Amino acid sequence: MKEFVTRCRIGKDGGVKLMLQAKTKYGTFVTLATLTKQEISILKEREEFSCPTCNEPVIMKAGTLMVPHFAHRSNSSCPSSEGGEGPYHEKGKLLLYQWLKHQQLTVQLEAYLPEIKQRPDILITINNRLVAIEYQCARIPAAQVRERNKGYRSAGITPIWILGANRLTQSNRSHLKIDQFLLQFIHQFSSVLPLMLFYFCPNSLQFISFQDFYFSKTQTAIGKFHTKKLNQMSFKDMFQANFCTTNDLFQSWKWEKRTFRLKATNRLYGRELNWHQWIYLKQTHKEFLPSIIHLPISSQYMMKTPPWDWQSRLCIEVIDPLPMESPISVKSCEHLLRHHFHHPNEFPLIKQTVNPVHQYLQLLEQLDVIQQVSPNYFAKKSPIKFYKNIEDALAGDEKLLNLLITNKIRA
């Protein structure tokens, strides 16, 4: 996998906007990269081309270093000539277009949509619905991503974002780094389907999906990788659900909890420093925290802070001080953590976001810590157990996670 990632990072460049397709004076669209050198040479002598967006004349470029393409002249004012991601992006976009076209789908390359003034990399018409494919290899402002998605939705178009594999950082077979930029590309097409991220490498021709993932840290998630050669899959295969097994999830989480317990606490700063100072004021230490703190929640992506932070605040601030059978308001829990949430608008590709606080409370109910008494209230059912030494804490973590595996309990 390391060799694959290295190959896919070779074109991490940008800044030049390449136009793969232009039109003749008769309105016929031509894609240079699909032609032979001889065909390109003949066209260069006989044809004149214009931009499909602004109708300005364009020039042909068919050297050896880049994908054959058209280009505006330097003084162009065309709205689609600004920015760009470079050859790695253009190669991947062309390959994805040819892959979709080979499946007999109605597909357009770089179709300009004047009503929203946008030009998706690829536009598909399927079952009388429009789907815009954006192949994103470079970092762009989050506001730009939001505006593009907003534009597509206003036109009744479903956006799907495929990331360049140059943005993929995999630490092992089940762990992926997902930073603030990548969060906005998480897809969930329905409540019964898992979270999904899509990647494509034009160098290895591998299509990678990362699905059913749970954030263990602020920028690290555990999930299911699925890799396939582009020519061995169809467009529909992109949406095939691949779930992480309960055993795999919690076996990985055992390592996460152990690392959390034993990790040295030097060089702390920011939110992590604030959290350690807070638990110190609560007269405890992470080595002694209950095992019900730092558990996997599928909607953890909605939180700005890691699981151990906000879950410990709920357990220590809200649940632990209460007498048995005392009520616990979901709204009071949400209010306590109001500064920990991302806004749902930051996840435009997720149909319906789930409330992580409610999800965690429901998990605690399955563990007999609390009991739901109404849609918005729980009641304390059992005392919360703190540990007195690290050995007991590690044994308690192991026991709880084995219980979750045996009973196939997931949130």
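No hydrogens, no waters, no symmetry mates; every other heavy atom, side chains included, goes into these values. Values in this document were obtained by computation on a predicted structure and should not be read as measured data.
- How far OG of Ser252 is from CD1 of Ile222: 5.0 Å, rounded to the nearest 0.5 Å.
- By the side-chain hydrogen bond (donor to acceptor under 3.5 Å, both in side chains) test, Asn274 is found to be paired with no residue, residues two or more places apart in sequence or in another chain being considered.
- Phe210 and Phe225 have their aromatic ring centers within a separation under 6.0 angstrom.
- By the neighbour-count criterion of 12 heavy atoms within 6.0 Å, atom NE2 of His102 is sparsely surrounded, having that number or fewer from other residues, nucleotides or ligands.
- Partners of His342 under the ring-ring contact (aromatic ring centres under 6.0 Å, His included) rule, at least two apart in sequence or in another chain, are Phe347.
- Atom CG of Leu314 and atom CD1 of Ile319 lie 6.0 Å apart (nearest 0.5 Å).
- Residues in residues 289-302 take part in these side chain to side chain donor-acceptor pair (under 3.5 Å) pairs, two or more places apart or across chains: Ser291-Tyr387, Ser291-Asp397, Ser298-Gln359, Ser299-Gln359, Gln300-Trp310.
- Of the possible donor and acceptor atoms, none in the side chain of His339 sits under 3.5 Å from a partner among the backbone N and O of Leu337.
- Contact of the Phe207 side chain with the Met238 side chain is registered, since non-hydrogen atoms from C-beta on lie closer than 4.5 Å.
- Considering only heavy atoms from C-beta on, Ile292 comes within 4.5 Å of Ile384 through its side chain.
- For Arg313 and Asp309, the salt-bridge test passes: some basic side-chain N is under 4.0 Å from an acidic carboxylate O.
- Between Glu346 and Arg146 there is no salt bridge, since none of the side-chain N atoms of the basic residue sits less than 4.0 Å from a carboxylate O of the acidic one.
- In this structure a side-chain-to-backbone donor-acceptor pair under 3.5 Å is missing from Trp253 to Asp248.
- Side-chain contact between Lys257 and Leu401: present, with at least one pair of heavy atoms (C-beta onward) separated by less than 4.5 Å.
- A donor-acceptor pair under 3.5 Å links the side-chain atoms of Asn149 to the main chain of Val145, judged by distance alone.
- Between Gly151 and Gln118 the shortest heavy-atom distance is CA-OE1, 3.3 Å.
- Thr406 pairs by the side-chain hydrogen bond (donor to acceptor under 3.5 Å, both in side chains) definition with nothing, not counting sequence neighbours.
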Show, in sequence, the C-alpha distance, side-chain angles and deciding distance for His340 and Thr305, and conclude whether the side chain to side chain donor-acceptor pair (under 3.5 Å) test is met. CA-CA 6 Å; His340 293 246; Thr305 51; 2.8 Å; yes
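- The line from CD1 of Ile133 to CG of Leu123 is 9.0 Å long, rounded to the nearest 0.5 Å.
- Counting non-hydrogen atoms of other residues, nucleotides and ligands closer than 6.0 Å to CD of Gln240 gives a total of 12 or fewer.
- Using a 4.5 Å heavy-atom cutoff, the side chains of Tyr199 and Asn166 are not in contact.
- Within a 6.0 Å sphere centred on CZ of Arg173, other residues, nucleotides and ligands contribute 12 heavy atoms or fewer.
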Start with the C-alpha distance between Leu195 and Asp212, add both sets of side-chain angles, then the distance that settles side chain to side chain contact (heavy atoms under 4.5 Å, CB included), and finish with yes or no. CA-CA 5 Å; Leu195 300 175; Asp212 193 30; over 6 Å; no
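- Under the 6.0 Å cut-off for aromatic ring centres, Trp308 and Phe260 qualify, their centroids lying closer than that.
- Aromatic ring pairs are classed by plane angle as parallel below 30°, tilted from 30° to 60° and perpendicular above 60°; the pair His175 and Trp255 is perpendicular.
- Crowding of Gln283 atom CD: a count of heavy atoms from other residues, nucleotides or ligands under 6.0 Å not exceeding 12.
- The cationic atom of Lys23 (NZ for Lys, CZ for Arg) does not lie both less than 6.0 Å from the six-membered ring centre of Phe49 and within 45° of the ring axis.
- Within the structure, side chain to side chain donor-acceptor pair (under 3.5 Å) pairs that include any residue of residues 374-385 comprise Asp368-Lys381 (at least two apart or interchain).
- To the nearest 0.5 angstrom, Glu110 atom CD is 9.0 Å from Leu94 atom CG.
- Panel note: side chain Ser332, backbone Ser329; a donor-acceptor pair is recorded below 3.5 Å.
- Remark: the backbone N or O of Asn172 is paired with a side-chain donor or acceptor of Gln170 at under 3.5 angstrom.
- With Gln184 contributing its side chain and Ala143 its backbone, the two residues share no donor-acceptor pair below 3.5 Å.
- Minimum heavy-atom separation, Phe243 to Pro194: CZ-CD, 3.6 Å.
- The number of heavy atoms from other shown groups lying within 6.0 Å of NZ (Lys224) does not exceed 12.
- Contact record, Asp121 with Leu109: O-CD1, 3.6 Å, taken as the closest heavy-atom pair.
- Contact of the Ile186 side chain with the Phe213 side chain is registered, since non-hydrogen atoms from C-beta on lie closer than 4.5 Å.
- Heavy-atom neighbours of Arg258 CZ from other residues, nucleotides or ligands within 6.0 Å: at or below the threshold of 12.
- Taking 4.5 Å as the limit, some side-chain heavy atom of Phe200 sits within range of a side-chain heavy atom of Leu230.
- Looking only at side-chain heavy atoms (C-beta outward), Arg153 and Pro159 come within less than 4.5 Å of each other.
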Step by step, would you call Gln38 with Thr36 a side chain to side chain donor-acceptor pair (under 3.5 Å)? CA-CA 5 Å; Gln38 185 177 2; Thr36 64; 5.4 Å; no
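- Residues Phe239 and Ile160 form a side-chain contact, since some pair of their non-hydrogen atoms from C-beta on lies under 4.5 Å apart.
- For Asn407 (side chain) and Ile409 (main-chain N/O), no donor-acceptor pair under 3.5 Å exists by modelled atom type.
- Arg261 contributes a side-chain N or O that, together with a main-chain N or O of Lys286, makes up a donor-acceptor pair within less than 3.5 Å.
- Counting non-hydrogen atoms of neighbouring residues, nucleotides and ligands closer than 6.0 angstrom, the NZ atom of Lys150 reaches no more than 12 such neighbours.
- Of all non-hydrogen atoms in Gln251 and Ile405, the two that sit nearest each other are NE2-CD1, 3.7 Å.
- To the nearest 0.5 Å, atoms NZ (Lys101) and OG1 (Thr31) are separated by 8.0 Å.
- Atom CD1 of Ile208 and atom CG of Leu168 lie 6.0 Å apart (nearest 0.5 Å).
- In this structure, the ring of Tyr360 has its center no less than 6.0 angstrom from the ring center of His358.
- Of all the heavy atoms in Leu182 and Arg167, the pair that sits closest is CD1-O, 3.9 Å.
- A pairwise comparison of heavy atoms in Gln21 and Phe70 identifies C-CD1, 3.8 Å as the closest pair.
- Gln103 contributes a side-chain N or O that, together with a main-chain N or O of Phe235, makes up a donor-acceptor pair within less than 3.5 Å.
- For Gln188 (side chain) and Leu349 (main-chain N/O), no donor-acceptor pair under 3.5 Å exists by modelled atom type.
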Can Lys282 and Asp320 be said to form a salt bridge (charged side-chain N to carboxylate O under 4.0 Å, His left out), step by step? CA-CA 12 Å; Lys282 294 296 177 180; Asp320 184 52; over 6 Å; no
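- Take Lys254 and apply the salt bridge (Lys or Arg N to Asp or Glu O under 4.0 Å) test, not counting sequence neighbours, and it matches Glu398.
- In this structure, Tyr135 and Tyr88 have parallel ring planes: the angle between them is below the 30° cut-off, well short of the 60° mark.
- Electrostatic pairing of Glu334 and Lys331 does not count as a salt bridge here, judged by no charged N lying under 4.0 Å from a carboxylate O.
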